[in-house]
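As structure tokens, the structure follows; a few thoughts come after it.
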Amino acid sequence: MVQEKKILCMYSGGLDSLGVLYRLLTEPEYADFGLHVHHMHLKNVENRALAESKAIQATFRYFREKGYRNFLYTESGHDYSFMRRYFTFDTYWYAFMAANIITADSSIMHVAVGRTKSDMESAGSRMNANRGHEIFHATLPLELRFDRSYIYPVAHLTKQAVWNMLPADLRELSWSCRKPVISDKEPRPCGKCPTCQEMEKIRQNQG
Ligand SMILES: [Zn+2]
């Protein structure tokens, strides 16, 4: 039996990666690939892990109830809160983990990441993305190093366009705030961080 070729989707529960997962589940160009979705619980000073977990569970419930195709889901935990204010970007951890998952399962051909057109307009985001990509290649075993690649299912879309593309009841389930506040044991968006401000603009302009 020929083993099914797969796409690995690194899923944070945020809007960009929800856009990626949605396109992987709905676009014909990805239909021949099996789907493996992985989430990293990244524990850092921003304290987003709980909010992201809840968002992920809510989006999976949505996909299940609406009868979208099946996928394998795995998760892992990584606590780097010891670094305190010294911040390391999510893209680096995700790149390292993706390469390790491929090392374990070489039927994964591509890693789908949530880079948007808006990200590509920022020099800082571009640098982080490139560095993540280098970590990905450096971590792969030599025989796979130039044979496995990143794909960018929402790279042609701005963040606004990702929001507009998604069904209204699905996009509300994504999590975007960088620094959630906990009230009544529920994480809520802070309303102040750059991502919250960006989301407010996006909601105002939604189609
Ligand atoms: Zn916020």
Side-chain angles (χ1 to χ4, degrees), residues 8-25 35-66 68 70-101 111-116 118-119 124-125 128-129 132 135 154 159 162-163 166-203 206:
L8 173 64
C9 173
M10 301 306 281
Y11 185 46
S12 72
L15 178 61
D16 303 344
S17 68
L18 178 59
V20 168
L21 180 54
Y22 181 77
R23 291 202 77 229
L24 292 173
L25 289 168
L35 208 51
H36 180 163
V37 179
H38 187 83
H39 174 63
M40 292 182 80
H41 297 274
L42 292 173
K43 284 188 77 177
N44 60 24
V45 288
E46 290 184 334
N47 202 15
R48 283 204 315 278
L50 176 65
E52 287 183 349
S53 288
K54 283 176 176 270
I56 284 168
Q57 292 312 319
T59 57
F60 287 176
R61 211 173 306 122
Y62 177 96
F63 289 129
R64 219 170 23 242
E65 283 168 5
K66 304 270 178 187
Y68 286 77
N70 288 329
F71 50 84
L72 170 71
Y73 175 64
T74 57
E75 56 188 24
S76 55
H78 182 55
D79 185 343
Y80 63 106
S81 47
F82 70 91
M83 285 184 175
R84 293 170 180 275
R85 69 182 192 278
Y86 299 105
F87 190 78
T88 298
F89 291 95
D90 298 359
T91 45
Y92 306 168
W93 301 120
Y94 270 96
F96 176 73
M97 183 54 76
N100 278 296
I101 293 171
V111 181
V113 294
R115 187 160 87 187
T116 61
S118 314
D119 293 330
S125 292
N128 292 336
I135 292 168
V154 295
K159 226 175 170 55
V162 173
W163 179 262
L166 289 168
D169 44 353
L170 176 60
R171 65 195 182 192
E172 291 293 347
L173 303 174
S174 67
W175 183 266
S176 294
C177 175
R178 302 294 304 185
K179 297 184 176 172
V181 287
I182 309 281
S183 76
D184 295 333
K185 294 183 182 161
E186 282 294 316
R188 302 184 200 283
C190 73
K192 292 179 222 152
C193 71
T195 325
C196 277
Q197 289 178 8
E198 194 179 13
M199 285 312 300
E200 198 181 315
K201 263 187 227 146
I202 285 175
R203 282 169 202 279
Q206 70 191 31

Q) Can you list the steps and then say if Val113 with Val20 is a side chain to side chain contact (heavy atoms under 4.5 Å, CB included)? A) CA-CA 7 Å; Val113 294; Val20 168; over 6 Å; no
Q: Determine whether Asn70 and Leu35 make a side-chain contact, defined as any pair of heavy atoms from C-beta on separated by less than 4.5 Å.
A: no
Q: Report the relative orientation of the aromatic rings in Tyr62 and Tyr68; use parallel for angles under 30°, tilted for 30 to 60°, perpendicular for over 60°.
A: tilted
Q.
Ignoring hydrogens, what is the shortest heavy-atom contact between Ala51 and Pro180? Give both atom names and the distance.
A. CB-CG, 4.3 Å
Q.
Distance check, rounded to the nearest 0.5 Å: Ile56 atom CD1 versus Phe60 atom CZ?
A. 6.0 Å
Q: Scan side-chain atoms only and decide if His36 and Thr74 contain a donor-acceptor pair under the 3.5 Å cut-off.
A: yes
Q. Which of parallel (below 30°), tilted (30 to 60°) and perpendicular (above 60°) describes Tyr80 and His78?
A. parallel
Q. Is a side-chain N or O of Arg178 found less than 3.5 angstrom from the main chain of Cys193, in a donor-acceptor match?
A. no
Q) Of all residues at least two apart in sequence or in a different chain, which pass the side-chain contact (heavy atoms from CB on, under 4.5 Å) check with Gln57? A) Arg61
Q: State which residues pass side chain to side chain donor-acceptor pair (under 3.5 Å) with Thr88; sequence neighbours excluded, sorted by chain then number.
A: none
Q. More than 12 foreign heavy atoms under 6.0 Å from CG of Asp169: is that the case here?
A. yes
Q: Please assess His39 against Tyr73 for the test side chain to side chain contact (heavy atoms under 4.5 Å, CB included), listing each intermediate value before the final yes or no.
A: CA-CA 8 Å; His39 174 63; Tyr73 175 64; 3.2 Å; yes
Q. Would Val37 and Leu72 count as a side chain to side chain contact (heavy atoms under 4.5 Å, CB included) if you check the C-alpha gap in whole Å, the side-chain angles of each, and the deciding distance to 0.1 Å?
A. CA-CA 6 Å; Val37 179; Leu72 170 71; over 6 Å; no
Q: Measure the shortest side-chain to side-chain distance between Arg115 and Val154 over non-hydrogen atoms and say whether it is less than 4.5 angstrom.
A: no
(Q) So, taking the atom named CE in Met199 and the one named SG in Cys177, what distance separates them when rounded to the nearest 0.5 Å? (A) 11.0 Å
Q) With a 3.5 Å cut-off and no angle check, do the side chains of Ser176 and Thr195 form a donor-acceptor pair? A) no
Q. Taking atom CD of Glu172 as the centre, does the number of heavy atoms from other residues, nucleotides or ligands within less than 6.0 Å exceed 12?
A. yes
Q: For Ala49 and Lys43, work out which heavy atoms get closest and say how close.
A: CB-CG, 4.3 Å
Q: Give a yes or no on whether the backbone of Ser81 and the side-chain of Asp79 come within a donor-acceptor separation of less than 3.5 Å.
A: yes
Q | Tyr11 ring center near Phe71 ring center (under 6.0 Å) | A | no
Q: Check whether any side-chain heavy atom of Met10 lies under 4.5 Å from a side-chain heavy atom of Ser17, and answer yes or no.
A: no
Q | Atom of Leu24, atom of Cys9 and distance for their closest heavy-atom approach | A | CD1-CB, 3.7 Å
Q. In terms of side-chain heavy atoms, does Ser76 have a donor or acceptor partner in His41 at a distance below 3.5 Å?
A. no
Q | Interatomic spacing from SG in Cys190 to CD in Gln197 - rounded to 0.5 Å | A | 8.5 Å
Q) In Å, rounded to the nearest 0.5 Å, how long is the span from CG of Leu18 to CG of Leu166? A) 5.0 Å
Q. Atom CH2 in Trp175, atom OG1 in Thr59: separation rounded to 0.5 Å?
A. 13.5 Å
Q. So how far is it from Glu75 CD to Met97 CE, rounded to the nearest 0.5 Å?
A. 11.5 Å
Q: Please name the pair of heavy atoms, one in Ser12 and one in Tyr94, separated by the smallest distance, quoted to 0.1 Å.
A: CA-OH, 3.5 Å
Q) Looking only at heavy atoms, what is the nearest atom pair of Gly132 and Ala95, with distance? A) O-CB, 3.0 Å
**Q.** Derivation of the side chain to side chain contact (heavy atoms under 4.5 Å, CB included) call for Lys179 and Lys192
**A.** CA-CA 9 Å; Lys179 297 184 176 172; Lys192 292 179 222 152; over 6 Å; no
(Q) Under the rule for salt bridge (charged side-chain N to carboxylate O under 4.0 Å, His left out), what residues qualify as partners of Asp16, not counting sequence neighbours? (A) Lys159
Q.
Quiz question: by atom type and distance under 3.5 Å, do the side chains of Asn128 and Ser125 form a donor-acceptor pair?
A. no
